[in-house]
Protein chains: 2
Amino acid sequence: MKTPKISEAVIRRLPVYLRYLQHLHEMNITTVSSLDLGQHLEMNPAQIRKDLAYFGEFGRKGIGYDVEYLIAKIKQILKLDRRLNVALVGAGNLGTALSNYNRYTNEKMKIVAIFDSFPEKIGTKIGTVKVQPIQELAKTVKEQDVKIGIITVPATEAQKVADQMVEAGIKGILNFAPITMRVPNHVYLRNADLTTELQSLAYYIG
Amino acid sequence: MKTPKISEAVIRRLPVYLRYLQHLHEMNITTVSSLDLGQHLEMNPAQIRKDLAYFGEFGRKGIGYDVEYLIAKIKQILKLDRRLNVALVGAGNLGTALSNYNRYTNEKMKIVAIFDSFPEKIGTKIGTVKVQPIQELAKTVKEQDVKIGIITVPATEAQKVADQMVEAGIKGILNFAPITMRVPNHVYLRNADLTTELQSLAYYIG
DNA sequence: TAGATTGTTAATCGATTAACAATC
DNA sequence: TAGATTGTTAATCGATTAACAATC
């Protein structure tokens with residue numbers, strides 16, 4: 001079966017499985033059961049099996065899952081097996097942190113362009129990527145076939161940047177600015193606002 | 001009624017409402033309906049009403065919600081109306097970004113201590129907060145009544161830092177390191193792993 | 001074979017949405 | 001009063017968990 005209709009909750013768990021599987025692989029563990037996975041990730045094994053079964057039969061009854069094979073399969077599902085170019089706007093601390101994230105890995109998803117509006121930032125390098133003026137966004141997106149945009153500018157600038165990304169033809173936006181932004185339906189938007197994260201935490205502590 | 005059993009989904013939406021209400025307040029808008037809120041936040045108005053109604057009757061039939069009053073109430077619910085001290089370990093780019101987040105606001109939730117293990121970092125200041133050696137964590141947590149810990153160290157260090165936080169008596173941890181960490185049941189743990197965020201994004205674009 | 005573990009169906013649980021009486 | 005909008009109950013929808021036949 002292809003993909004019936006996969007919920008976002010499922011998709012968000014796959015990278016968590018992937019991370020632990022990669023850890024197992026590094027430790028030369030070749031096989032793992034949903035029970036093992038569930039114990040380590042503190043999740044229900046039935047849920048793990050069901051999540052994986054949406055995409056195919058990856059395990060073997062009585063045995064479990066082959067770690068290396070499952071890693072390959074999850075990467076395939078998440079489309080992490082093909083090149084995916086990312087542009088980041090806002091070369092502040094958060095932007096720099098994100099740029100450094102996958103700098104040394106051989107992930108296929110890569111931040112290939114960084115933009116800022118601050119003249120002092122232009123021309124400096126973050127890793128191997130030179131910071132460009134925001135005016136060059138559209139041109140670079142086309143030239144480098146950029147599909148995803150990350151927004152790490154202040155709230156006041158964020159919607160404007162999003163508009164420019166949409167205009168440039170970007171397909172998905174990961175927004176870190178604390179605003180509710182508007183994008184057309186054909187653009188996928190994900191918010192990762194760290195202030196709301198922090199605020200909801202207070203409820204469980206205070 | 002007090003709080004029957006509020007789901008995390010509800011708690012995570014409250015800061016989003018709060019943010020937009022504060023925006024309305026800045027624009028001198030005094031009243032808002034759940035319909036308005038729903039339209040701007042792209043949410044179902046019934047859900048917004050229900051979320052709020054868990055905590056009391058904050059609106060007026062036929063009128064809507066008083067913006068200022070609702071802001072005060074949501075802050076009260078989230079316990080953002082009382083002082084909440086936060087310690088951050090890992091004074092890298094991400095740590096610095098988070099430290100700067102609420103530096104200029106008059107939020108009651110504040111990062112009051114920053115730690116790092118890198119000798120060169122010790123003694124430098126982020127905003128007004130001096131970076132301390134990690135060895136001083138326990139002492140500072142006690143002295144400053146720190147309740148929440150934020151972990152922005154590399155994956156290899158994260159569990160060790162979490163253990164120290166738990167040992168020091170911290171009540172909640174916000175973890176940005178890409179690992180599945182273990183904490184005792186009495187400590188609230190929230191993961192905000194930006195790599196998994198990025199990876200799940202690929203699914204919707206590729 | 002006996003034990004283990006998957007894939008999947010059915011049962012449960014919880015969250016979202018619709019609808020509407022109450023009332024400003 | 002008529003129109004608007006809440007708070008809340010009931011209906012729907014979706015996600016999680018349990019259970020088990022299939023099978024390695």
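Just so you know, these numbers come straight off a predicted model, no measurement behind them. So you know, we letter chains A, B, ... as the sequences are listed, proteins then strands, and number each from 1.
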Notebook entry, point to check: If only side-chain N and O atoms of B:Y65 are considered, is one of them under 4.0 Å from the OP1 or OP2 phosphate oxygen of C:dC24?
Noted result: no

Check: For B:L52 and D:dG7, what is the distance between atoms CG and P respectively, to the nearest whole Å?
Finding: 8 Å

Margin query: Check this one for me: any side-chain N or O of B:S34 less than 4.0 Å away from OP1 or OP2 of D:dT6?
Written below: yes

Checklist line | Test: B:D193 and A:R19 ion pair at under 4.0 Å | finding: yes

Margin query: Without decimals, in angstroms, what is the distance between A:Q47 CD and D:dA19 C1'?
Written below: 16 Å

Checklist line | Whole-Å gap separating P (C:dG7) and CG (A:L70) | finding: 9 Å

Note to self: Looking at A:R49, I'd like to know whether one of its side-chain N or O atoms comes within less than 4.0 Å of OP1 or OP2 on C:dT6.
What the structure shows: yes

Next item on the list: Tell me which nucleotide among C:dT9, D:dT6, D:dT8 gets nearest to the side chain of B:S33.
Entry: D:dT6

Check: So, for A:F58 and A:Y65, is the gap between ring centers shorter than 6.0 Å?
Finding: no

Notebook entry, point to check: Between A:R190 and A:E8, does at least one N-O distance fall below 4.0 Å, as a salt bridge requires?
Noted result: yes

Next item on the list: Hunt down the Watson-Crick or G-U wobble partner of C:dC20, both distances under 3.5 Å, from any strand shown, or write none.
Entry: D:dG7

Next item on the list: Please determine, for the side chain of A:N44, which listed nucleotide (C:dA15, D:dT16, D:dT17) has the closest atom?
Entry: D:dT17

Check: Below 4.0 angstrom, N of the basic side chain to O of the carboxylate: do A:E136 and A:K139 qualify?
Finding: no

Check: Between atom CD1 in A:I11 and atom C1' in D:dA15, what is the gap in whole Å?
Finding: 14 Å

Margin query: If I take atom OH in residue B:Y54 and atom P in nucleotide C:dG14, what distance separates them, rounded to the nearest angstrom?
Written below: 12 Å

Margin query: What I want to find out is whether B:D51 reaches B:R13 closely enough, with some N-O distance under 4.0 Å, to be called a salt bridge.
Written below: yes

Check: How many Å lie between NZ on B:K61 and C1' on D:dT6, as a whole number?
Finding: 6 Å

Note to self: How many whole angstroms separate atom CD1 of B:I48 from atom P of C:dA18?
What the structure shows: 13 Å

Next item on the list: Could you tell me which nucleotide pairs with D:dG14 by Watson-Crick or G-U wobble geometry, both distances under 3.5 Å, or answer none if nothing does?
Entry: C:dC13

Note to self: Nearest whole Å is fine: how far is D:dT16 P from A:R12 CZ?
What the structure shows: 13 Å

Margin query: By nearest heavy atom, map A:E8 and B:E57 onto DNA chain D; which one lands nearer the 5' end?
Written below: B:E57

Check: How do B:I63 and A:A46 order along DNA chain D: which one's closest nucleotide is nearer the 5' end?
Finding: B:I63

